[in-house]
Amino acid sequence: MEIFIHLYQYIFSNTCFPVLEKAIEVGSAFEGWSPRKEDVTYRLILPLKPPRGHIFHLEPGPVWPMRNFRIRVESVCTCEMEQPAGETRCFLHDPEQEHGRNACFSILDDLCTASYLDVQKTARYFQMFVRRSWRALPLSAIRRLTVLPSDRSCKFCVTQRWGKRIFIELLFGVQEGDSDIFVSSQYTEAAYTPSTMWPETYAVAEMKFFSYIARKAHPDTCYLRCLQLCVRCLLGRDFSTYTLKTVMMHVLTAMPLSTWHRRYSWEWLNDILHYLQRCLHEKRLNHFFIGNENVPEEIILPLELRVAEPFNLFQHLTQNPYASEHAKLEFEELRSRVHRMLLDGR
C-alpha cells in the first residue's frame, strides 16, 4: 500500500488534490481476531488532508443512529502563508495560478459536489489511479491486481503467482482534530447514504485499544481467541460483529488482564456471554467510546464524545418488543453454538 501512497504523493505534490497520509491498519485482521483465515479482508483507513490553498470544514449531519458529517471544501488565501519551494503566488489572487488550477484536476471541480467532498467521486478516482499505477510497478509482473466493485471505498484483490489471493479495502477518512476519531467513506446503517455524507468511525480508536490491551496483557491470554470464537458463531445470525466487539471491550476494561489466561477460556467465554445476556435483559449496551469513563487515557477522543451521555446500541430493543424477544432467542442459539464449537475443539 505504501507504494501507491508514495507514487500518489510524487505525482500530485503541490497540486489541488487531497494530500494522502500514511494508511492506518484497522479491523479484525490487524486486531488479531478475524473469524476465518480463508476470507480475510485487510482494511485500512487512508487519511486525507486538504491540498495547499484549501481547508476542510466538518459540518454535522443527521444521526442514523451514529453521527454523520459533510466535509465542506473551501479555498483560502495563501498570500501571507509560507509557500513551498518555488511557489510564491496564491491560487485565489494570482490569475496565472488560477488559470493553471482550472486547466488541471482539482479537488473542488473533480471530487466535490456543491463544494462538499464526494465519497463516490473520491473512490472512483482512486480506483482509476490504483488500476493505472499498478501497470507501471515491477510487482505487476508477478502478481495480478483486480479492482473490485465499490462506490464508497477502493477494494481490490491481489493474486500471487501460486494462486493465493489477498483482499484489501481502502477507506478514505478525515481526522476530527487531533483525535483518534475519523469521518470515513464507510456506509451508514441507513438504507441510502448520500455521496456527500461521511459517517463517524471509531475504527482507529478500536485498533489503538486492542494494541493497548496487547501491550498490557500476558502473552498467553485468551481474549482474542474468545472474541474470534464468538464472532465465528455469529456468522449468519442477527447479532452484529460490532455488538460482540463492544461487549469484549467493556469486559476487558472491567476485569484484570492478568486473569485472561488460556486455561480459563471456558470461564471467560461464559462471562462474555453472560455480559451480553444481561445487556439483552436490560435492553442496554453502551457504545464503548461515547460517554465512557473507562476508555484508556492514551486513546484521544473529541471533547463532545467524552462528555456525552452514554449511547445505547440496543435502543431499538426498547422500542420493539418483538425484536427484543427475537434477540433473546438468537442469544440462546449463539450460546449453544459457542459451547458446541468449544467442545469440538475448534
Side-chain angles (χ1 to χ4, degrees), residues 12 15-21 23-24 26 43-78 81 90-92 101 105-126 150-154 170-206 242 287-292 295 299-313 315:
F12 295 105
T15 70
C16 290
F17 259 57
V19 177
L20 300 187
E21 298 198 319
I24 304 172
V26 297
R43 290 187 173 86
L44 302 99
I45 287 184
L46 197 55
L48 306 178
K49 292 285 188 180
R52 184 176 66 90
H54 299 78
I55 56 175
F56 289 162
H57 295 282
L58 297 186
E59 297 182 354
V63 178
W64 305 331
M66 308 308 295
R67 301 200 306 173
N68 297 275
F69 292 82
R70 295 198 300 170
I71 303 171
R72 183 164 57 85
V73 181
E74 180 184 350
S75 298
V76 294
C77 175
T78 59
M81 300 180 186
C90 168
F91 281 125
L92 285 180
R101 185 179 75 84
F105 290 115
S106 75
I107 185 171
L108 279 167
D109 296 334
D110 298 286
L111 300 186
C112 289
T113 297
S115 297
Y116 289 96
L117 192 60
D118 190 300
V119 171
Q120 296 180 6
K121 290 180 180 179
T122 303
R124 280 198 301 269
Y125 186 84
F126 202 81
S150 177
D151 59 359
R152 292 186 68 90
S153 65
C154 185
L170 285 177
L171 295 162
F172 308 100
V174 173
Q175 188 177 14
E176 294 185 28
D178 61 353
S179 74
D180 294 315
I181 307 301
F182 285 70
V183 298
S184 82
S185 61
Q186 69 186 27
Y187 284 95
T188 68
E189 295 183 14
Y192 168 70
T193 305
S195 63
T196 55
M197 194 63 64
W198 296 70
E200 192 168 61
T201 178
Y202 313 93
V204 175
E206 290 160 11
Y242 197 74
H287 193 285
F288 186 74
F289 294 106
I290 300 178
N292 180 12
V295 175
I299 297 175
I300 305 171
L301 300 177
L303 177 62
E304 56 267 30
L305 293 187
R306 287 190 278 115
V307 302
E309 290 296 318
F311 181 84
N312 183 15
L313 296 175
Q315 181 65 32

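Scope of the values below: all heavy atoms of this structure, side chains included, with no hydrogens, waters or symmetry mates.
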Distance (rounded to the nearest 0.5 Å) between [X] [atom1] and [Y] [atom2]:
| X | Y | atom1 | atom2 | result |
| --- | --- | --- | --- | --- |
| Leu303 | Glu176 | CG | CD | 12.0 Å |
| Leu305 | Ile300 | CG | CD1 | 13.0 Å |
| Leu48 | Gln175 | CG | CD | 11.5 Å |
| Arg72 | His54 | CZ | NE2 | 13.0 Å |
| Leu111 | Ile71 | CG | CD1 | 11.5 Å |
| Trp198 | Leu171 | CH2 | CG | 9.5 Å |

If only atom types and distance count, is the side chain of [X] paired as donor or acceptor with the main-chain N or O of [Y] below 3.5 Å?
| X | Y | result |
| --- | --- | --- |
| Ser185 | Val119 | no |
| Glu304 | Ala308 | no |
| Asp151 | Gln120 | no |
| Asp110 | Leu108 | no |

For the residue pair [X] and [Y], establish whether any side-chain heavy-atom pair is separated by less than 4.5 Å.
| X | Y | value |
| --- | --- | --- |
| Cys154 | Phe172 | yes |
| Val26 | Phe182 | no |
| Phe289 | Asp180 | no |
| Tyr116 | Met197 | no |
| Val73 | Phe56 | yes |
| Leu117 | Cys112 | yes |

Kindly state whether the ring of Tyr202 and the ring of Phe288 have centres lying under 6.0 angstrom apart. no
Closest heavy-atom pair and its distance - [X], [Y]:
| X | Y | answer |
| --- | --- | --- |
| Val19 | Pro50 | CG2-O, 3.9 Å |
| Asn292 | His287 | CB-O, 4.4 Å |
| Pro310 | Gly291 | CG-O, 3.8 Å |

Does Arg306 have any salt bridge (charged side-chain N to carboxylate O under 4.0 Å, His left out) partners at least two apart in sequence or in another chain, and if so, which? none
How far apart are the C-alpha atoms of Lys121 and Ser195, what are their side-chain angles, what is the distance that settles it, and do they pass the side-chain hydrogen bond (donor to acceptor under 3.5 Å, both in side chains) test? CA-CA 8 Å; Lys121 290 180 180 179; Ser195 63; over 6 Å; no
Residues passing the side-chain hydrogen bond (donor to acceptor under 3.5 Å, both in side chains) test with Arg152, sequence neighbours excluded, are none
Going by the angle between their ring planes, with limits at 30° and 60°, are Tyr125 and Phe17 parallel, tilted or perpendicular? tilted
